[in-house]
Amino acid sequence: DTGVSQNPRHKITKRGQNVTFRCDPISEHNRLYWYRQTLGQGPEFLTYFQNEAQLEKSRLLSDRFSAERPKGSFSTLEIQRTEQGDSAMYLCASSYTGDYGYTFGSGTRLTVV
Amino acid sequence: TQLLEQSPQFLSIQEGENLTVYCNSSSVFSSLQWYRQEPGEGPVLLVTVVTGGEVKKLKRLTFQFGDARKDSSLHITAAQPGDTGLYLCAGAEGGTASKLTFGTGTRLQVTL
């Protein structure tokens, strides 16, 4: 296993367009997390899954954001009607219940123009 | 909302110097983790501390968890240019594999 994989690495989109990011976690990890990080800040929690169940969603997450993990393996994060304020690094991480640490992917850098 | 404040925000030092980064909160965490992040990459886990007063050493890095589990520190001895990066502390509210609250980050630059 080569770690957590995120695609694409970079995405430039026009304001108002929809974008979708994919995350492939470490195969034996049952928990998957999405975080967002803006320049100069620490990552901010968005949502997380245990297997295919979405257990928590941040109150900061607007209705334009949706995440899925249909078979408990990979996950997608969709942003509808993107706004300039959505520009950030979107980070995915995975972990196994019983472990403390996360393994993060390299992130998807979104730029909304 | 639990907040983690890190200090200093920026640190520029020369190779061979020692430094300490602080991570403080008014809330109690069940565990605290330290990560290092390179530009354009995701954070990489350095250590997890779980018990109040716990001290862990990783080569030249020493991590301490406060007795009350509200604060932590990272001490680097004889810093090297390879230590350059963004250092993030992150607290877990629940048990293992729970949601993390990240600190504001400390950007360290070590020059020759």
Side-chain angles (χ1 to χ4, degrees), chain A residues 2-10 21 23-26 28-51 54-61 88-111, chain B residues 1-10 21 23-25 29-51 54 56 58 63 65 69 72 74 85-109:
Chain A
T2 56
V4 178
S5 177
Q6 290 189 247
N7 288 289
R9 288 294 310 272
H10 304 275
F21 310 140
C23 172
D24 288 273
I26 292 174
E28 58 265 28
H29 285 179
N30 60 344
R31 288 203 174 184
L32 185 148
Y33 312 81
W34 286 98
Y35 283 78
R36 177 173 63 189
Q37 186 177 26
T38 52
L39 208 59
Q41 300 295 320
E44 177 184 44
F45 171 76
L46 295 179
T47 188
Y48 86 94
F49 294 83
Q50 178 159 308
N51 300 314
Q54 188 172 17
L55 295 188
E56 187 173 346
K57 188 175 175 181
S58 170
R59 288 171 293 176
L60 302 174
L61 211 60
M89 172 79 90
Y90 289 83
L91 292 164
C92 175
S94 69
S95 182
Y96 183 73
T97 310
D99 292 337
Y100 284 102
Y102 290 4
T103 301
F104 277 89
S106 297
T108 294
R109 166 80 59 196
L110 173 66
T111 303
Chain B
T1 301
Q2 294 179 307
L3 296 175
L4 280 168
E5 296 287 337
Q6 285 185 238
S7 62
Q9 281 188 302
F10 301 98
V21 177
C23 175
N24 295 293
S25 174
F29 291 99
S30 62
S31 66
L32 198 137
Q33 300 169 23
W34 285 90
Y35 291 81
R36 185 171 74 195
Q37 186 176 24
E38 306 278 347
E41 297 295 327
V44 175
L45 179 67
L46 296 174
V47 78
T48 301
V49 284
V50 179
T51 306
E54 182 176 4
K56 279 192 175 179
L58 190 68
F63 304 86
F65 201 12
R69 306 209 314 274
S72 181
L74 158 60
L86 178 68
Y87 288 83
L88 295 159
C89 64
E93 302 172 27
T96 57
S98 62
K99 177 182 73 174
L100 294 178
T101 299
F102 278 85
T104 48
T106 295
R107 188 162 298 281
L108 171 66
Q109 182 172 8

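In what follows, chains carry the letters A, B, and so on, assigned in the order in which the sequence lines appear, proteins first and then strands, with residues in each chain numbered from 1.
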(request) Determine the option with the most heavy-atom pairs under 4.5 angstrom with chain A, choosing from B/Q37, B/Q9, B/Q6. (result) B/Q37
(request) Quick one: which of B/V47, B/V50, B/L86, B/V44 has the most heavy-atom pairs under 4.5 Å with chain A, could you say? (result) B/V50
(request) Name the option with the most non-hydrogen atom pairs under 4.5 Å to chain B; the candidates are A/P43, A/G107, A/G101, A/S106. (result) A/P43
(request) Could you check which of A/Q37, A/H10, A/Q50 has the highest count of heavy-atom pairs closer than 4.5 Å to chain B? (result) A/Q37
Contact class of [X] relative to chain B, heavy atoms under 4.5 angstrom:
{"X": "A/Q6", "answer": "neither"}
{"X": "A/R31", "answer": "side chain"}
{"X": "A/F45", "answer": "side chain"}

(request) With a 4.5 angstrom heavy-atom cut-off, could you sort out which part of B/E41 is near chain A: side chain, backbone, both or neither? (result) both
Could you tell me if the side chain of [Y] sits less than 4.5 Å from the side chain of [X], heavy atoms only?
{"X": "B/F102", "Y": "A/E44", "answer": "no"}
{"X": "B/L100", "Y": "A/Y35", "answer": "yes"}
{"X": "A/L91", "Y": "B/P43", "answer": "yes"}

(message) If I take atom OG from residue B/S98 and atom OH from residue A/Y102, how far apart are they, to the nearest 0.5 angstrom?
(response) 6.0 Å
(message) As an exercise, state the distance from OG of A/S95 to NZ of B/K99, rounded to the nearest 0.5 Å.
(response) 15.0 Å
(request) Give a yes or no answer on whether the side chain of A/Q41 reaches the backbone of B/T104 with a donor-acceptor pair at less than 3.5 Å. (result) no
